[in-house]
Amino acid sequence: QVQLVESGGGSVQAGGSLRLSCTASGYSTRDSCMGWFRQAPGKEREGVALINPIDRTTYADSVKGRFTISKDNAKNTLYLQMNSLKPEDTAIYYCAARSPGFAACPPISSRGLNYWGQGTQVTVSS
């Protein structure tokens, strides 16, 4: 049974930083596409960043240059380093993974990943 558990969310002031973690069980981070998504109140869930098995990354335009996705395969953990946070980054952040064997990442505008965590709240105040 695949489980993805996020941690590291919290409340920060604009300009601050947070690092989110996603620990996987029943799933190997080295084999398939993984990513971070977010959903703000009243908005649809959107892609933030994706990473494939050879560490090729894709970012939403809104976070380029501020967020960095990475993973530690030895710890089976996915990360999202978020710097220069803005109030519009406030959302619930979800970790997601594609089914094993699917190395390629879908377009970041899609939500074509198969496994999802429960989410962690990030709140940025001005």
Side-chain angles (χ1 to χ4, degrees):
Q1 182 179 356
V2 176
Q3 281 193 316
L4 304 173
V5 179
E6 302 97 336
S7 61
S11 297
V12 294
Q13 290 192 327
S17 298
L18 283 173
R19 188 175 82 153
L20 305 183
S21 300
C22 171
T23 301
S25 59
Y27 184 89
S28 173
T29 59
R30 66 177 74 242
D31 292 335
S32 301
C33 176
M34 298 187 73
W36 291 95
F37 292 72
R38 67 186 181 186
Q39 188 166 17
K43 295 188 176 181
E44 291 191 353
R45 193 173 297 186
E46 62 175 1
V48 175
L50 300 171
I51 186 167
N52 76 0
I54 58 171
D55 291 348
R56 181 169 294 166
T57 58
T58 307
Y59 294 94
D61 289 344
S62 59
V63 306
K64 281 180 183 175
R66 300 188 298 122
F67 290 10
T68 302
I69 188 172
S70 63
K71 57 188 173 80
D72 185 333
N73 292 328
K75 295 182 178 180
N76 227 31
T77 300
L78 178 73
Y79 301 101
L80 185 68
Q81 178 67 44
M82 304 186 294
N83 298 328
S84 302
L85 282 161
K86 304 175 181 180
E88 51 263 44
D89 295 319
T90 295
I92 299 174
Y93 282 72
Y94 298 90
C95 169
R98 204 167 185 190
S99 292
F102 288 86
C105 287
I108 198 164
S109 58
S110 81
R111 282 170 281 178
L113 274 68
N114 306 98
Y115 305 108
W116 295 83
Q118 82 290 350
T120 186
Q121 177 70 46
V122 171
T123 303
V124 185
S125 58
S126 58

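No experiment lies behind these values; they were computed from the predicted model shown.
- Taking CD of Glu88 as the reference point, atom OG of Ser126 lies at 10.0 Å (rounded to 0.5 Å).
- Listed here is the closest heavy atom pair of Cys33 and Leu113: O-CD2, 4.2 Å.
- What you find for Leu50 and Gly35 is that their closest heavy atoms are CD2-CA, 3.8 Å.
- The distance from atom NZ of Lys71 to atom SG of Cys22, rounded to the nearest 0.5 Å, is 12.0 Å.
- Nearest heavy-atom pair, Ser110 versus Pro106, reported as atom, atom and distance to 0.1 Å: OG-CB, 3.5 Å.
- Between Cys105 and Arg98 the shortest side-chain heavy-atom distance does not fall below 4.5 Å.
- Of the possible polar contacts, none joining the Arg19 side chain to the Gly8 backbone as a donor-acceptor pair under 3.5 Å is found.
- Without hydrogens or angle criteria, Ser32 side chain to Ser99 main chain gives a donor-acceptor distance under 3.5 Å.
- In the hydrophobic clustering of ILVMFWY residues, with side-chain heavy atoms under 4.5 Å counting as a link, Tyr79 and Tyr93 come out apart.
- Counting only heavy atoms from C-beta outward, the side chains of Val122 and Leu20 approach each other to under 4.5 Å.
- Tyr115 and Tyr27 have perpendicular rings, their planes meeting at more than 60° on a 0 to 90° scale where under 30° would count as parallel.
- Pairs passing the ring-ring contact (aromatic ring centres under 6.0 Å, His included) check and including a residue from residues 35-66, sequence neighbours excluded, read Phe37-Trp116.
- A 4.5 Å side-chain heavy-atom check between Pro53 and Arg30 finds every atom pair outside the cut-off.
- Without hydrogens or angle criteria, Thr57 side chain to Ile51 main chain gives no donor-acceptor distance under 3.5 Å.
- A side-chain contact (heavy atoms from CB on, under 4.5 Å) with Leu78 is found for one member of Thr23, Ile69, Asp72 and no other, namely Ile69.
- Partners of Gln39 under the side chain to side chain contact (heavy atoms under 4.5 Å, CB included) rule, at least two apart in sequence or in another chain, are Arg45, Tyr94.
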Step-by-step side-chain contact (heavy atoms from CB on, under 4.5 Å) determination, Met82 to Arg66
CA-CA 6 Å; Met82 304 186 294; Arg66 300 188 298 122; over 6 Å; no
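- Put simply, the side chain of Thr90 gets close to the backbone of Val124: a donor and an acceptor are under 3.5 Å apart.
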Take Arg38 and Leu80, measure what side-chain contact (heavy atoms from CB on, under 4.5 Å) needs, and give me the verdict at the end.
CA-CA 12 Å; Arg38 67 186 181 186; Leu80 185 68; over 6 Å; no
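- Looking at residues two or more places apart in sequence or on another chain, you find a side-chain hydrogen bond (donor to acceptor under 3.5 Å, both in side chains) between Thr29 and Asn73, Asn76.
- Closest approach of Ile108 and Ala60 over heavy atoms only: CD1-N, 3.5 Å.
- A salt bridge is absent between Lys86 and Asp89; no separation between the charged side-chain nitrogens and carboxylate oxygens falls under 4.0 Å.
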Step by step, would you call Ser21 with Lys75 a side-chain contact (heavy atoms from CB on, under 4.5 Å)?
CA-CA 11 Å; Ser21 300; Lys75 295 182 178 180; over 6 Å; no
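- Glu6 contributes a side-chain N or O that, together with a main-chain N or O of Cys95, makes up a donor-acceptor pair within less than 3.5 Å.
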